[in-house]
Enquirer: 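Dropping the structure in here first, questions after.
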Amino acid sequence: MSDFLLSAPEGANKKPKRVGRGSSSGLGTTAGKGNKGQQSRSGSAVPYVGFEGGQMPLYRRIAHRGFSNYPFKKVYDVVNVEVLEQKFEAGETVNKAALLSKGLIKSAKSLVKILGNGELTKSLTVEVDKVSASAKAKIEKAGGSVKVAEESSESK
C-alpha cells in the first residue's frame, strides 16, 4: 500500500522568496533592489532598448548615411575540382542539377562556383555560374569544357 504514495523529491518544492519582510530574512530594507537609483523605485522601467538615462543615445549620435551593398550580395556554393574528381565519372556534365543530386550544393537556386583545389584527370563538361582561372585551366587540361552562365549577363 505504501508503494503508491507519491511525494516530490527533496528540494523540489521551494518556498517563495518573500522580500521586504524584515532584516533577518536577508531580503529586508532594500528588498534586493540595491541602494537608491531608478531601478530601486516602485513603478520603475527603463523606457526602451538603447535608453541612456536621458543622454543622447548612441544610435542617434552616429550618422546613418551611405550605401550598403548587403541586399545585393551574391553568395556562392563552392565546389573544388578534387570533389568533381571523386563524385563524377568521365564524360559527365557538371551542372546545378547534377551537383544537387550528389549532395554537393544545398539548393537548386544557389549560385555555384568551381575552385581549383586538387587535381582532375577526367574529361567533364562544366556548366555553372562561375569558375576560377585555375579550375578552368585544370578542367580544360583534362580534356573537358567550361561553360559559364554569368559571362553573358556581366557583358551587358
Side-chain angles (χ1 to χ4, degrees), residues 1-89 92-120 122 124 126-136 138-139 146 148-151 153-154:
M1 184 81 175
S2 62
D3 295 343
F4 301 104
L5 295 175
L6 300 176
S7 61
E10 190 69 31
N13 298 329
K14 290 183 175 180
K15 289 184 176 179
K17 189 184 284 188
R18 299 182 71 215
V19 297
R21 295 294 187 276
S23 58
S24 62
S25 72
L27 287 166
T29 60
T30 58
K33 287 175 170 267
N35 294 315
K36 302 182 183 176
Q38 185 177 13
Q39 261 75 10
S40 72
R41 310 294 186 208
S42 67
S44 78
V46 177
Y48 50 84
V49 174
F51 182 71
E52 296 183 17
Q55 173 177 300
M56 184 64 70
L58 182 67
Y59 78 92
R60 289 187 59 198
R61 279 180 272 158
I62 296 174
H64 289 102
R65 297 188 60 189
F67 174 76
S68 171
N69 195 52
Y70 185 79
F72 311 105
K73 180 173 77 169
K74 291 182 180 178
V75 178
Y76 289 88
D77 281 358
V78 174
V79 181
N80 276 299
V81 168
E82 64 186 354
V83 177
L84 299 182
E85 175 73 25
Q86 293 167 5
K87 299 281 185 176
F88 287 89
E89 299 299 320
E92 276 192 90
T93 302
V94 179
N95 55 20
K96 284 185 187 180
L99 291 167
L100 189 64
S101 67
K102 293 183 189 285
L104 299 175
I105 60 173
K106 295 176 187 127
S107 166
K109 293 178 181 178
S110 60
L111 298 169
V112 179
K113 184 171 183 177
I114 306 293
L115 299 182
N117 189 19
E119 293 301 320
L120 185 67
K122 300 169 185 170
L124 298 171
V126 178
E127 297 171 6
V128 290
D129 299 301
K130 253 186 178 177
V131 180
S132 71
S134 62
K136 187 173 183 178
K138 287 179 182 181
I139 293 165
V146 176
V148 179
E150 280 200 2
E151 284 179 345
S153 65
E154 285 180 10

Enquirer: Could I get the full list of side chain to side chain donor-acceptor pair (under 3.5 Å) partners for N80, not counting sequence neighbours?
Expert: none
Enquirer: On a heavy-atom basis, which atom in T93 and which in A98 lie closest, and how many Å separate them?
Expert: O-CB, 3.6 Å
Enquirer: Just by modelled atom types, is the V112 backbone N or O under 3.5 Å from a matching donor or acceptor in the D129 side chain?
Expert: yes
Enquirer: For the residue pair E85 and L124, establish whether any side-chain heavy-atom pair is separated by less than 4.5 Å.
Expert: no
Enquirer: Verify the neighbour count for atom NZ of K87: are there more than 12 heavy atoms of other residues, nucleotides or ligands below 6.0 Å?
Expert: no
Enquirer: Quick check: closest heavy atoms across G28 and S25, and the distance to 0.1 Å?
Expert: N-OG, 3.7 Å
Enquirer: Are the side chains of K130 and Y76 in contact, using a 4.5 Å heavy-atom criterion?
Expert: yes
Enquirer: Starting at CG of N13, measure out to OG of S7 and round the result to the nearest 0.5 Å.
Expert: 9.5 Å
Enquirer: What is the distance from atom NZ of K106 to atom CG of L104, rounded to the nearest 0.5 Å?
Expert: 12.0 Å
Enquirer: Of all heavy-atom pairs between A31 and G20, which one has the smallest distance, and what is that distance?
Expert: CB-N, 3.9 Å
Enquirer: Would a distance-only check, ignoring hydrogens and angles, find a side-chain to backbone donor-acceptor pair under 3.5 Å from K138 to G116?
Expert: yes
Enquirer: If the test is side-chain contact (heavy atoms from CB on, under 4.5 Å), which one of L115, I114, V131 qualifies with V81?
Expert: I114
Enquirer: Would you find more than 12 non-hydrogen atoms of other residues, nucleotides or ligands less than 6.0 Å from Y70 atom OH?
Expert: no
Enquirer: Which pairs, with at least one residue in residues 32-57 and sequence neighbours excluded, count as a side-chain hydrogen bond (donor to acceptor under 3.5 Å, both in side chains)?
Expert: E52-Q55, E52-R61
Enquirer: Is there a side-chain contact between V128 and L99 (heavy atoms, below 4.5 Å)?
Expert: yes
Enquirer: Distance check, rounded to the nearest 0.5 Å: K109 atom NZ versus K96 atom NZ?
Expert: 11.0 Å
